[in-house]
Amino acid sequence: MTSGGDEQRAAGRPAWVLPWAVGVVTAVIYLLTAGYSSASGDVVAADVLAWQLGTQGSSTFTAETYPPLDQHPAREGWIIEAADGHEVVGRSPGAVASAVPAYRLFGGEEFSLVPGAVTAALLTALAMAVMSLALSNLVPRRQVLLASFALALSTPVWCVAADGMWPHTVTVLALSGMAWAASRERWWLVGLFGGVLLWGRLHAVVVVAAVGLLVGWRRRDPLLVAKVAVPSAALLALETVWTRQLYGSWNPMSSYETGKFEAYADRNRLDVVNHLGFWISPDRGLLVWTPVLVLLLPALVRSWRSLPDWTKALVLGGLAYSLLQGVLDRFGGGDAFYAYRLMIEMLVCAVPALALSAARTGRWARALFAPVLALQAFVISAGAIDSDLGAGDQDAWHWHSFFSVLAERPVLLVLFVAACLMAGFLGRRIWADPSLSRPAPALSTTRP
């Protein structure tokens, strides 16, 4: 099997054509379905601060700034007191800073979600283009398209990251950039995108550390570690300047009420139920909403020894991040969004390794893959189009947002039945494919 880049060069096709196409298609879909009229309080809060900075140049929040946020019962979760006593929205620096240019150009005297939603849609589409560029260095063109659109349109990347300015909007782009840079052995760029990742979720430093340290150790190359560490540390230092300016503290965690994380850590460290909730809870579980991972997991295990070292480091970093997330927060991740959000980083970290492992899926997994992916995409699309389908995290163990509303929305039920029939048809066609009786091709990698 040739690598994706070799295949495209052999066909005389520039390497950027496929990623450009992925980016354009996903941008159109994301822009049509973004959250322009309603959003989670987390997204609204980030957009309010971006609007203030973009249009007024001030971060001070008062009762008149945006009354609905000030009067919300969860006000204390979004508005914190800076070191000098003034109140300011406390949200991820990356989620706020990314939307400031849009609010600077298009924000008005009245607050609107539109500039933030457009920014989220375009940044996530860019992330999908970058991820497809990374995959183009690893697998053939058809697999690139399948993996890219599966990630873009059958996971909460669509209904969360592309819907509004969540921290995950930033982390999905940063992780995609790290994967692309690592696939090209450009370790300075890995560190640069790793620094962007820290602006989205500071504790994602474990992912950056995993890639730099594990790959550097595997190759006995301390210079590689330094190349990853220096740019990411520089952007972390820049983040402390941001928090010093807005919150009066050099602590990069000062954009959040850190006391709540300490309380969560004391309670969650050994809370097995909370950790399991990230993976298998009906309304927030990664494996429940993204069941194709269950089909691909055996192939990943079989392929593990042959995978490029950086893909394995990303997976291990994602697992460490997920474990740390389970200590620092409750698995539900809040209200007013569809599916899960706190495991999006784990999902993106696993994409390159899963794409390379897919060639070693077994017969049953190959037969089930298309129908399962089709149903997965349909279920996600419902919430991406109508974000009001999301439920509160207090129901996460006995509720599934999609199936709970089927009976209440007959049109959705009809569409779901049609999708099931189509998925069954796809499954039969794939099962009848003679190629399934041939052995899986040997795994091809482009890096040692």
Side-chain angles (χ1 to χ4, degrees), residues 16-40 43 47 95 98-99 102 106 112-136 141-166 168-177 180 289-290 292 336-341 344 347-348 351 355 370 372-390 401-402 409 411-412 415-416 418-419 422-423 426:
W16 53 266
V17 171
L18 187 149
W20 182 86
V22 169
V24 170
V25 171
T26 54
V28 171
I29 295 173
Y30 291 163
L31 287 170
L32 289 173
T33 59
Y36 299 117
S37 59
S38 65
S40 166
V43 172
D47 285 351
S98 298
F106 305 109
S112 169
L113 287 170
V114 173
V118 170
T119 301
L122 294 178
L123 287 180
T124 309
L126 176 61
M128 296 303 97
V130 174
M131 178 58 79
S132 68
L133 193 62
L135 297 177
S136 295
R141 183 171 178 267
R142 289 185 180 180
Q143 288 178 250
V144 173
L145 287 172
L146 177 61
S148 298
F149 283 118
L151 175 64
L153 302 177
S154 73
T155 75
V157 166
W158 183 7
C159 60
V160 174
D163 194 62
M165 282 310 305
W166 289 94
H168 316 289
T169 308
V170 179
T171 58
V172 169
L173 175 59
L175 288 168
S176 299
W180 167 71
W289 286 93
T290 317
V292 292
F337 64 92
Y338 187 76
Y340 59 87
R341 70 178 182 89
I344 290 177
L347 173 71
V348 178
V351 167
V372 169
L373 184 62
L375 290 176
Q376 180 180 303
F378 178 77
V379 170
I380 286 293
S381 68
I385 295 169
D386 183 359
S387 58
D388 291 336
L389 296 184
S401 295
F402 178 79
R409 306 196 182 194
V411 173
L412 195 61
L415 291 175
F416 180 69
M422 180 60 70
L426 288 174

Side-chain donor/acceptor of [X] to backbone N/O of [Y], under 3.5 Å:
X    : Y    : value
T169 : M165 : no
S98  : A95  : no
T124 : A121 : no
Y338 : S381 : no

Show your reasoning for whether side-chain contact (heavy atoms from CB on, under 4.5 Å) applies to S112 and F106.
CA-CA 10 Å; S112 169; F106 305 109; over 6 Å; no
Using side chain to side chain contact (heavy atoms under 4.5 Å, CB included) as the criterion, list what pairs up with [X], not counting sequence neighbours.
X    : result
L153 : I29, Y30, F149, W158
A377 : S154
L347 : L151, T155, L286, T290, L293, Y340

Would you mind reporting whether [Y] and [X] have side-chain heavy atoms less than 4.5 Å apart?
X    : Y    : answer
V118 : Y36  : yes
L122 : L31  : yes
L373 : L146 : yes
V25  : M128 : no

Can you see which heavy atom on [X] is nearest to which on [Y], and at what distance?
X    : Y    : result
S148 : V22  : CB-CG1, 4.1 Å
L135 : A355 : CD2-CB, 3.8 Å
A162 : A34  : O-CB, 4.0 Å
L18  : S132 : CD2-CB, 4.1 Å
S176 : V348 : OG-CG1, 4.2 Å
P156 : A339 : CG-CB, 3.8 Å

To the nearest 0.5 Å, what is the distance between [atom1] on [X] and [atom2] on [Y]?
X    : Y    : atom1 : atom2 : value
S38  : D386 : OG    : CG    : 8.5 Å
F402 : W289 : CZ    : CH2   : 8.5 Å
M131 : L173 : CE    : CG    : 10.0 Å

